Each structure stands twice: as structure tokens, then as C-alpha cells.
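Input: a single structure, listed below in C-alpha cells.
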Amino acid sequence: MRIAYFHCFAGISGDMTLGALVDAGLDWEQLQTDLAKLPLTGYQLQREKVIKKGISGTKVHVLTEEGHVHRHLRDVREIINSSTLPEVVKEKSIQVFTRLAEAEAKIHQTSVDKIHFHEVGAMDAIIDIVGSVIGLWRLGIEEVYASPVHTGTGFSECAHGIMPVPAPATLELLQGVPVYSKDIEKELVTPTGAAIITTYCQNFGNMPPMRVDNTGYGAGGHDLVIPNLLRVTIGEKLDHVGSDGHIRYGGKGHVHQGEALMMEANIDDMNPEFYDYLINKFLKAGAMDVFLRKIQMKKNRPAIVLSLLIHTHQLETFYQQIFSETTSIGVRVYPVIKYMLPYEIRTIQTKLGQAKVKVARYQDSLRNVAPEYEDCRRLAEEQQIPLKEVYDMIKCEAYQQLEVNSCLEIKK
Ligand SMILES: O=C([S-])c1cc(C(=O)S)c[n+]([C@@H]2O[C@H](COP(=O)(O)O)[C@@H](O)[C@H]2O)c1
Ligand code: NI
């Protein structure tokens with residue numbers, strides 16, 4: 001399962017959330033294309049790489065001439081619902097704004113339909129919130145985790161006037177969330193940031209066991225004594241990390257089941273040199289697998305079936321990539337159920353050097369040990385030994401180190 005962990009050591013705001021997701025690999029062009037589906041004009045979205053206390057991050061700016069606004073929840077709901085964004089994005093974005101309105105209504109002793117937003121209803125806040133929802137969707141995040149939240153202290157000035165930090169709406173939204181405040185006199189968490197993280201996250205605490213695939217840093221505006229950054233770490237959730245510290249993917253010995261999509265295209269008129277580039281591009285974009293098959297089509301035309309195994313939420317991303325990167329003008333897609341053995345990546349020391357092996361177990365007995373190709377290739381080149389011999393030596397040493405006397409264990 002694909003998860004994101006937000007490390008809120010310098011708080012969280014709407015623009016920091018969006019910046020972190022962009023920094024973690026959210027496609028910038030795709031984000032702008034998606035945001036253009038909102039009936040909002042008169043703004044420009046900009047990103048810049050910045051350094052905060054030596055750490056590189058992305059600062060997102062929403063440039064707009066919009067003055068002070070008073071939008072009600074129904075106005076924001078209308079803007080979002082009249083967009084052509086996917087329903088899942090609309091629903092989540094409206095959920096965030098509804099939480100904001102509920103907090104506002106409670107603080108100002110009024111009702112959700114009477115409350116009007118100031119800054120949080122402005123165009124930049126709408127772009128920050130909807131952009132962050134789009135980003136979590138595009139990056140395929142299925143669960144969100146976060147650290148305790150650093151709130152900052154002191155006072156801040158806003159349309160309401162001078163406000164204590166954390167602002168009343170912010171603290172209302174953070175009810176039940178572990179927070180802390182050190183002596184940084186700045187508003188580190190804004191209502192927008194609090195609304196986003198508390199809409200998505202029910203698990204505030206340490207980083208869960210996960211395989212790290214991407215990391216991103218979203219920058220805040222001020223320069224502080226700490227790096228004014230929000231870190232997001234994206235990767236595969238691990239059910240648990242064994243007491244020996246070894247990481248296991250999937251349940252203990254049970255077959256893992258998952259849903260996915262198989263996307264295919266028959267291609268008979270494309271320069272075959274492109275396939276190497278496309279396979280790497282699609283894998284980098286998050287496809288679980290990409291492969292080719294040779295077929296004979298009508299009129300006896302030799303052709304290739306390009307197949308991508310993708311997550312269900314990646315449907316639009318990948319058919320858009322196939323239409324833009326290949327000569328295909330059509331794809332077929334069918335749902336698949338995946339059954340996978342749980343496995344772990346173990347690093348072992350061998351007489352040739354260090355190597356990783358993928359160890360799969362089924363019903364708690366060893367079912368397969370596969371040395372990692374890149375490590376075997378490196379050792380073969382370093383030691384000038386045939387790759388096949390390196391592979392066999394690593395495999396045998398792995399079995400011994402895994403306390404299995406021989407391959408007989410596998411056949412049991
Ligand atoms: O816009 C509104 S309604 C608003 C309410 C409150 C309350 O605490 S009540 C506070 N603020 C302040 O505005 C700025 C901008 O917040 P963003 O979430 O848009 O970044 C911030 O200082 C809030 O404390 C706004
Ligand atoms: Ni308010």
C-alpha cells in the first residue's frame with residue numbers, strides 16, 4: 001500500500017504541503033493542467049527551488065491580484081463542483097473546506113452556512129488545498145501519516161486582527177492531534193495546513209515501517225532558526241519490521257492480494273528504438289511493471305503489445321502518457337487481482353562482498369532467494385568473475401546465512 005508520511009517539524013501550511021508534493025515528484029505540468037479545470041482565472045502558479053538551513057526544498061507561489069475576499073463555504077463548494085476535476089478530488093477538497101468552515105463557525109459562534117472565509121477562502125488557499133488534494137491523488141497515496149505538529153508561538157496578524165498562535169481555527173482543527181510548541185515566535189501551522197493534514201491523517205506519531213521511494217521538502221516563507229520545511233516521505237507501507245530489524249513486505253507468510261490494472265496497446269508503426277526509453281520512463285513514473293510481447297497482426301503485420309501493470313488510480317496518467325509518447329491512439333485496460341508472496345530485502349556479507357537478496361516466504365518457510373541483479377553485476381565486474389558464478393555463490397551463501405542447510409528446504 002502506497003503511503004505518505006508528513007514530518008511537521010516546522011509546522012504545515014497549504015503552500016508547504018503543495019511544495020512538498022511537487023518536490024517529491026508531482027508532475028508540475030500535470031498539476032497545472034488539473035488546476036486549470038477549476039473555474040478560476042487571474043492567478044499564476046510558480047515554483048522555485050530554495051535552500052532552508054542548507055536543505056533544498058520547493059517553494060510554491062500563487063500570484064494573484066485578488067484583494068480581500070469574503071467567500072462562504074457554498075461559494076467555494078460551487079467553484080470546486082463546477083470544475084471538471086475527478087469526483088474523488090472534488091469530494092476531498094470540499095471535505096477540507098468543510099472542516100475549515102466547521103472550525104470557523106465554532107470559534108465565531110455562528111453556523112457553517114453563515115461563516116465567511118477571509119484568507120482561507122482566497123484564491124491562493126483554494127489553489128493550495130485543491131492542488132494538494134490533486135497531488136496526493138496523482139501520487140497514488142492511499143494512506144497519510146504524520147508526525148506530531150510544531151505549532152509555533154506568539155501572535156499573528158490577519159483579517160480577523162491580532163491572533164494568538166496557533167490561531168483559534170488552527171487549534172480547533174488540531175483537536176486530538178499531538179502538538180508541541182518551542183520558542184519559535186512564528187505561525188508555523190495555518191488553518192489551511194491544519195485542515196489538510198487532519199482531513200487525511202488519523203495516525204500522528206513516528207514514521208510507520210515503510211520502504212522510501214521519494215522524499216520532498218515544501219518550503220515556508222520565513223527563514224527560521226530551524227529549516228522552515230515540511231518533509232513528505234512517500235513509499236510502500238510495510239506490515240512490520242521484524243525484531244531482527246529486517247523489513248518484511250506483506251503479511252507474515254500469507255499470500256498478499258492486491259488490485260491493479262493491466263493497460264495494453266498493439267503498436268505496429270513505431271520506431272523500435274523508442275521502447276527502451278519508454279520502458280524506463282513508465283517505470284520511473286510509477287508503473288509496477290512494463291513489458292513487451294511480439295505479435296502478428298492483421299495483414300500479417302509484425303507488431304508489439306506494450307503492457308503496463310499499474311495502480312488503479314494511475315489510469316488517466318498512463319493512457320495520457322501512451323497517447324503522447326507512442327504512436328498508439330487506443331489502449332485497452334482490464335482489472336487484475338495480484339497474489340504475491342511476502343518478501344524481504346536482506347543485505348548479506350559474502351566472500352565476494354556485500355549483496356542484497358530478495359527472500360520470499362510462504363507459510364513461514366523459505367520459498368525463494370533471488371540475488372539482486374545490480375549487486376551481482378557490480379561484484380562480477382569488481383572481481384572479474386562470470387556473472388552466473390557470482391549469482392550462484394550469492395544464492396548459496398544466502399541460504400547458509402538464512403540457516404537453511406540446502407535447497408531441499410525449498411522443495412518441502
Ligand atoms: O481566513 C480565515 S477565516 C482565517 C481564520 C483564522 C482563525 O483562526 S479564526 C485565522 N486566519 C489567519 O489567516 C492567515 C492565513 O491562513 P491560511 O490558512 O490561509 O494560510 C493565518 O495567519 C491564519 O491564522 C484566517
Ligand atoms: Ni476566523
Side-chain angles (χ1 to χ4, degrees), residues 6 8 10-21 35 38 40 43 45 59-64 66-77 79-80 92-133 135 146 149-175 177 179 181 184-201 218-222 224 228-230:
F6 284 91
C8 308
I12 183 172
S13 63
D15 57 344
M16 290 169 85
T17 307
L18 187 51
L21 295 171
L35 283 170
L38 285 167
L40 288 178
Y43 76 90
L45 195 60
K59 179 78 181 80
V60 167
H61 301 274
V62 181
L63 308 180
T64 165
E66 187 181 59
H68 187 77
V69 289
H70 285 161
R71 280 195 178 98
H72 293 273
L73 177 60
R74 61 179 173 275
D75 305 323
V76 177
R77 198 184 283 135
I79 289 170
I80 294 170
K92 210 64 177 174
S93 301
I94 289 171
Q95 211 179 329
V96 175
F97 276 101
T98 302
R99 281 182 54 71
L100 267 169
E102 286 165 351
E104 275 296 293
K106 185 165 179 194
I107 296 300
H108 302 294
Q109 279 189 16
T110 177
S111 65
V112 167
D113 53 349
K114 288 201 181 70
I115 196 66
H116 60 261
F117 294 132
H118 304 284
E119 293 87 346
V120 300
M123 199 183 295
D124 61 340
I126 296 173
I127 295 296
D128 286 345
I129 289 176
V130 180
S132 298
V133 173
V149 182
H150 188 177
T151 62
T153 186
F155 291 86
S156 75
E157 193 156 358
C158 67
H160 279 328
I162 302 287
M163 286 273 158
V165 171
T170 302
L171 206 49
E172 180 59 32
L173 287 158
L174 290 174
Q175 280 223 344
V177 172
V179 298
S181 174
I184 294 183
E185 297 231 356
K186 274 292 174 216
E187 183 179 27
L188 301 181
V189 190
T190 68
T192 309
I196 292 170
I197 199 66
T198 56
T199 299
Y200 276 94
C201 176
H222 304 291
L224 308 171
N228 191 3
L229 295 165
L230 170 68

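As the structure lists them, so they are numbered: ligands from 1, and atoms in each ligand from 1. None of these values were measured; they are calculated from a predicted model.
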Note: ligand 1 atoms sitting under 4.0 Å from heavy atoms of A167 are 8 (O), 24 (O)
(Q) Below 3.5 Å, N or O to N or O, backbone or side chain included: is there any such pair between H116 and ligand 1? (A) no
Logged contact type for P168 with ligand 1, heavy-atom cut-off 4.0 Å, is both
Check: Does a side-chain N-to-carboxylate-O contact under 4.0 Å join D113 and R74?
Finding: no
Filtering E157, R71, E104, E172 for the heavy atom nearest atom 9 (S) of ligand 1 leaves E104
Taking only non-hydrogen atoms of A169 and a 4.0 Å limit, the atoms of ligand 1 in range are 7 (C), 8 (O), 9 (S)
### Plane angle bin for H116 and H72 - parallel if under 30°, tilted between 30 and 60°, otherwise perpendicular
perpendicular
Original post:
Should A125 be counted as touching ligand 1, given the test is an N or O pair under 3.5 Å?
Top reply: no
Nearest heavy atom to atom 24 (O) of ligand 1, choosing from H108, K106, E187, belongs to E187
Is there side-chain contact between P168 and M163, with at least one heavy-atom pair below 4.5 Å?
-> yes
TODO: Would you mind reporting whether V130 and L35 have side-chain heavy atoms less than 4.5 Å apart?
DONE: yes
- Could you give me the CA-CA distance, side-chain angles and deciding distance for V189 and H150, then say whether side chain to side chain contact (heavy atoms under 4.5 Å, CB included) is met? CA-CA 7 Å; V189 190; H150 188 177; 6.0 Å; no
Atoms of ligand 1 under 4.0 Å from any heavy atom of H118, numbered from 1 in the order shown, are 1 (O), 2 (C), 3 (S)
The salt bridge (charged side-chain N to carboxylate O under 4.0 Å, His left out) partners of K92 (sequence neighbours excluded) come to none
